[in-house]
Amino acid sequence: MKKIFSKTSGQLLHIIHRVSDFKLEPREDLVEADNFLQQSALRLNNGTTFKAHKHLLKDVDFKKYIAQESWVVVKGRVRCHFYDLDDSLIKEVDLEAGDCSITLAGGHTYTGLENDTLVREFKTGPYRGQKADKQFI
């Protein structure tokens, strides 16, 4: 992973994360939790899944925003399970390397369909912990 800092202030401005940067751990958070945009690198095996959940509204500058999330499959395959606003399952879609999903509202979960599947996850932050961010379905 390459971090690019401001030459004048030393502030972190950019991060480059290449496929060769994926580690053996199941999850590596690439961006500090206090940033608005969050990204993690995930390594999934066949059958790896997560609790289905939906994101909660957050108070930011007197406005309410919901966390929005995107997954980009780098290698392997993932099944997306998408939920409606009433928490009912409305669609399942398989993604392959190069495909991505974008969740703007509603719930979701994902299941790895092959060992060593690599996924890039993007979502808005800042992350203030599970209780403030999501509700399990």
Under 3.5 Å, which donor-acceptor pairs link side chains of residues 89-100 to any protein atom two or more places apart or in another chain?
from  : atom 1 : to    : atom 2 : distance (Å)
Glu92 : OE2    : His81 : ND1    : 2.9
Asp94 : OD1    : Arg79 : NE     : 2.6
Asp94 : OD1    : Arg79 : NH2    : 3.4
Asp94 : OD2    : Arg79 : NH2    : 3.1
Asp99 : OD2    : Glu96 : N      : 2.9

message = Check whether Asp133 reaches the backbone of Gln130 with its side chain - one donor and one acceptor, N or O, closer than 3.5 Å.
response = no
note = For residues 109-122, the salt bridge (Lys or Arg N to Asp or Glu O under 4.0 Å) pairs (sequence neighbours left out) are Arg27-Glu121, Arg43-Asp116, Lys75-Asp116, Arg77-Glu114
note = CG of Leu30 to NZ of Lys3, rounded to nearest 0.5 Å, is 9.0 Å
task = Compare all side-chain heavy atoms of Ile4 with those of Ile16 and state whether any distance is below 4.5 angstrom.
result = yes
request  = Supply the atom-to-atom distance Gln39 CD to Ser70 OG, rounded to the nearest 0.5 angstrom.
outcome  = 9.5 Å
task = Mind checking the OG-CG spacing from Ser6 to Leu13? Nearest 0.5 Å is all I need.
result = 5.0 Å
key: ILVMFWY network linking Met1 to Phe5, side-chain heavy atoms under 4.5 angstrom   = yes
inquiry  = Are Leu42 and Trp71 packed together at the side-chain level, in the sense that at least one heavy-atom pair is separated by less than 4.5 angstrom?
reply    = yes
note = When Thr117, Val119, Leu118 are each screened for side-chain contact (heavy atoms from CB on, under 4.5 Å) with Val74, the one that passes is Leu118
key: Counterpart residues, ring-ring contact (aromatic ring centres under 6.0 Å, His included), relative to Phe22 (two or more places apart)   = His17
key: Heavy-atom pair with the smallest gap, counting every atom of Thr124 and Ala67   = OG1-CA, 3.2 Å
inquiry  = Count I, L, V, M, F, W, Y as connected when their side-chain heavy atoms are under 4.5 Å apart, and connections chain through other members. Are Phe82 and Phe122 then in the same cluster?
reply    = no
ask   = Nearest 0.5 Å, what's the CG-CD1 distance between Asp84 and Ile137?
value = 10.0 Å
request  = Indicate yes or no: at least one non-hydrogen side-chain atom of Lys2 is less than 4.5 angstrom from one of Ile15.
outcome  = no
task = Applying side chain to side chain contact (heavy atoms under 4.5 Å, CB included), run through Phe50 and Leu44 and close with a yes or a no.
result = CA-CA 11 Å; Phe50 306 89; Leu44 308 177; 3.7 Å; yes
Criterion side chain to side chain contact (heavy atoms under 4.5 Å, CB included) on Thr111 and Val78, from CA distance to verdict = CA-CA 6 Å; Thr111 303; Val78 171; over 6 Å; no
query = Who are the ring-ring contact (aromatic ring centres under 6.0 Å, His included) partners of His108, not counting sequence neighbours?
reply = His53, His55, Tyr110
task = Starting from Phe136, walk the hydrophobic network (Ile, Leu, Val, Met, Phe, Trp, Tyr; side-chain heavy atoms closer than 4.5 Å) and list everyone else you reach, by chain and number.
result = none
ask   = Is the backbone N or O of Ser88 less than 3.5 Å from a side-chain atom of Asp86, with the two atoms forming a donor-acceptor pair by type?
value = yes
inquiry  = Check whether Asn115 reaches the backbone of Asn46 with its side chain - one donor and one acceptor, N or O, closer than 3.5 Å.
reply    = yes
task = Output all residues satisfying side-chain hydrogen bond (donor to acceptor under 3.5 Å, both in side chains) with Lys134, sequence neighbours left out; order by chain, then residue number.
result = none
